[in-house]
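Accompanying notes for the structure given below.
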Amino acid sequence: VLLWMFPVYRAKDLIEAELLLHRLQARGIPSAVQNGFLQGLLGELPLSIRPTVCVLEERDQSAALLCVREMEAARGAPELPDLVCPNCGDTSPGNFEECWKCRTELSA
Ligand SMILES: [Zn+2]
(Lines give C-alpha, C1' and ligand atoms only; values in the text may rest on other atoms or scores of the structure.)
Protein backbone atom coordinates (compact mmCIF):
# COMPACT_ATOMS: atom_id res chain seq x y z
CA VAL A 1 0.00 0.00 0.00
CA LEU A 2 1.45 3.30 -1.04
CA LEU A 3 0.51 5.95 1.48
CA TRP A 4 0.39 9.60 0.73
CA MET A 5 2.55 11.13 3.44
CA PHE A 6 2.85 14.66 4.67
CA PRO A 7 6.40 15.89 5.25
CA VAL A 8 7.09 17.75 8.49
CA TYR A 9 10.86 17.76 8.75
CA ARG A 10 13.89 17.20 6.57
CA ALA A 11 16.54 15.79 8.88
CA LYS A 12 20.25 16.17 8.44
CA ASP A 13 20.76 12.50 9.14
CA LEU A 14 18.88 9.39 10.09
CA ILE A 15 19.63 9.80 13.80
CA GLU A 16 17.93 13.16 13.84
CA ALA A 17 15.03 11.76 11.82
CA GLU A 18 14.52 8.95 14.31
CA LEU A 19 14.68 11.31 17.28
CA LEU A 20 11.77 13.21 15.83
CA LEU A 21 9.97 10.02 14.87
CA HIS A 22 10.10 8.82 18.47
CA ARG A 23 8.87 12.17 19.68
CA LEU A 24 5.90 12.04 17.32
CA GLN A 25 5.04 8.45 18.07
CA ALA A 26 5.20 9.15 21.81
CA ARG A 27 2.32 11.55 21.15
CA GLY A 28 0.40 8.98 19.17
CA ILE A 29 1.00 10.71 15.85
CA PRO A 30 1.37 8.10 13.07
CA SER A 31 4.61 8.94 11.31
CA ALA A 32 7.38 7.51 9.18
CA VAL A 33 10.77 8.36 7.72
CA GLN A 34 11.18 8.62 3.97
CA ASN A 35 14.60 8.08 2.36
CA GLY A 36 15.99 6.58 5.57
CA PHE A 37 17.24 3.53 3.72
CA LEU A 38 19.60 5.67 1.66
CA GLN A 39 21.64 6.69 4.65
CA GLY A 40 24.90 4.80 4.85
CA LEU A 41 24.94 4.00 1.17
CA LEU A 42 25.91 7.45 0.06
CA GLY A 43 27.46 9.25 3.03
CA GLU A 44 26.70 12.97 2.83
CA LEU A 45 23.33 13.29 1.16
CA PRO A 46 22.07 16.03 -1.08
CA LEU A 47 19.27 17.96 0.55
CA SER A 48 16.59 16.60 -1.75
CA ILE A 49 17.03 13.00 -0.62
CA ARG A 50 17.78 13.51 3.05
CA PRO A 51 15.66 11.52 5.49
CA THR A 52 12.31 13.22 5.70
CA VAL A 53 9.98 12.71 8.62
CA CYS A 54 6.37 12.52 7.50
CA VAL A 55 3.02 12.15 9.19
CA LEU A 56 0.45 9.83 7.68
CA GLU A 57 -2.57 11.99 8.45
CA GLU A 58 -2.84 15.52 7.20
CA ARG A 59 -4.66 16.61 10.35
CA ASP A 60 -1.57 15.74 12.42
CA GLN A 61 0.72 17.97 10.44
CA SER A 62 0.45 21.11 12.53
CA ALA A 63 0.90 19.16 15.79
CA ALA A 64 3.94 17.52 14.24
CA LEU A 65 5.40 20.88 13.28
CA LEU A 66 5.09 21.90 16.94
CA CYS A 67 7.10 18.81 17.88
CA VAL A 68 9.78 19.92 15.42
CA ARG A 69 9.93 23.31 17.14
CA GLU A 70 10.22 21.64 20.54
CA MET A 71 13.01 19.41 19.33
CA GLU A 72 14.92 22.34 17.87
CA ALA A 73 14.42 24.40 21.00
CA ALA A 74 15.50 21.49 23.19
CA ARG A 75 18.84 21.13 21.48
CA GLY A 76 19.36 24.85 21.11
CA ALA A 77 19.89 24.71 17.38
CA PRO A 78 19.98 27.99 15.53
CA GLU A 79 16.56 28.11 13.97
CA LEU A 80 16.06 29.06 10.38
CA PRO A 81 13.45 31.76 10.02
CA ASP A 82 10.02 30.48 9.08
CA LEU A 83 9.02 30.87 5.47
CA VAL A 84 5.68 32.40 4.60
CA CYS A 85 3.91 30.82 1.66
CA PRO A 86 3.22 33.32 -1.14
CA ASN A 87 0.16 31.30 -2.12
CA CYS A 88 -1.74 30.44 1.06
CA GLY A 89 0.09 32.61 3.61
CA ASP A 90 0.78 29.77 6.02
CA THR A 91 4.22 29.43 7.57
CA SER A 92 6.55 26.51 6.97
CA PRO A 93 9.77 25.62 8.80
CA GLY A 94 12.82 27.37 7.40
CA ASN A 95 14.34 24.23 5.97
CA PHE A 96 11.40 23.50 3.73
CA GLU A 97 11.54 23.96 -0.01
CA GLU A 98 7.81 23.87 -0.51
CA CYS A 99 4.78 24.89 1.51
CA TRP A 100 3.71 22.04 3.82
CA LYS A 101 0.11 22.89 3.12
CA CYS A 102 -0.29 23.68 -0.55
CA ARG A 103 3.14 22.64 -1.86
CA THR A 104 3.91 25.97 -3.45
CA GLU A 105 7.64 26.45 -3.87
CA LEU A 106 9.17 28.64 -1.16
CA SER A 107 12.14 30.93 -1.52
CA ALA A 108 14.09 32.16 1.48
ZN1 LIG B 1 0.95 27.39 0.89
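Counting convention: from 1, in listed order, for ligands and their atoms alike. Quick note: residue numbers are just sequence positions, from 1. Hydrogens, waters and symmetry mates are skipped; everything else that's a heavy atom, side chains included, is used.
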- Message: Give me the atom names and distance for the closest heavy-atom approach of Tyr9 to Phe96.
- Response: N-CZ, 3.8 Å
- Query: Taking it one step at a time, do Leu19 and Arg23 satisfy side chain to side chain contact (heavy atoms under 4.5 Å, CB included)?
  - Reply: CA-CA 6 Å; Leu19 274 177; Arg23 200 176 262 269; over 6 Å; no
- Is there a side-chain contact between Met71 and Leu24, using heavy atoms and a 4.5 Å cut-off? no
- Item | Enclosure of Glu105 CD (heavy-atom neighbours >12, cutoff 6.0 Å) | no
- Ser92 side-chain N/O to Trp100 backbone N/O, donor-acceptor pair under 3.5 Å: yes
- Near the Zn ion (ligand 1) (under 2.8 Å) - protein N, O or S atoms: Cys85 SG, Cys88 SG, Cys99 SG, Cys102 SG
- Apply side chain to side chain contact (heavy atoms under 4.5 Å, CB included) to Arg27 and list each qualifying residue two or more places apart in sequence or on a separate chain. Ile29, Cys67, Glu70
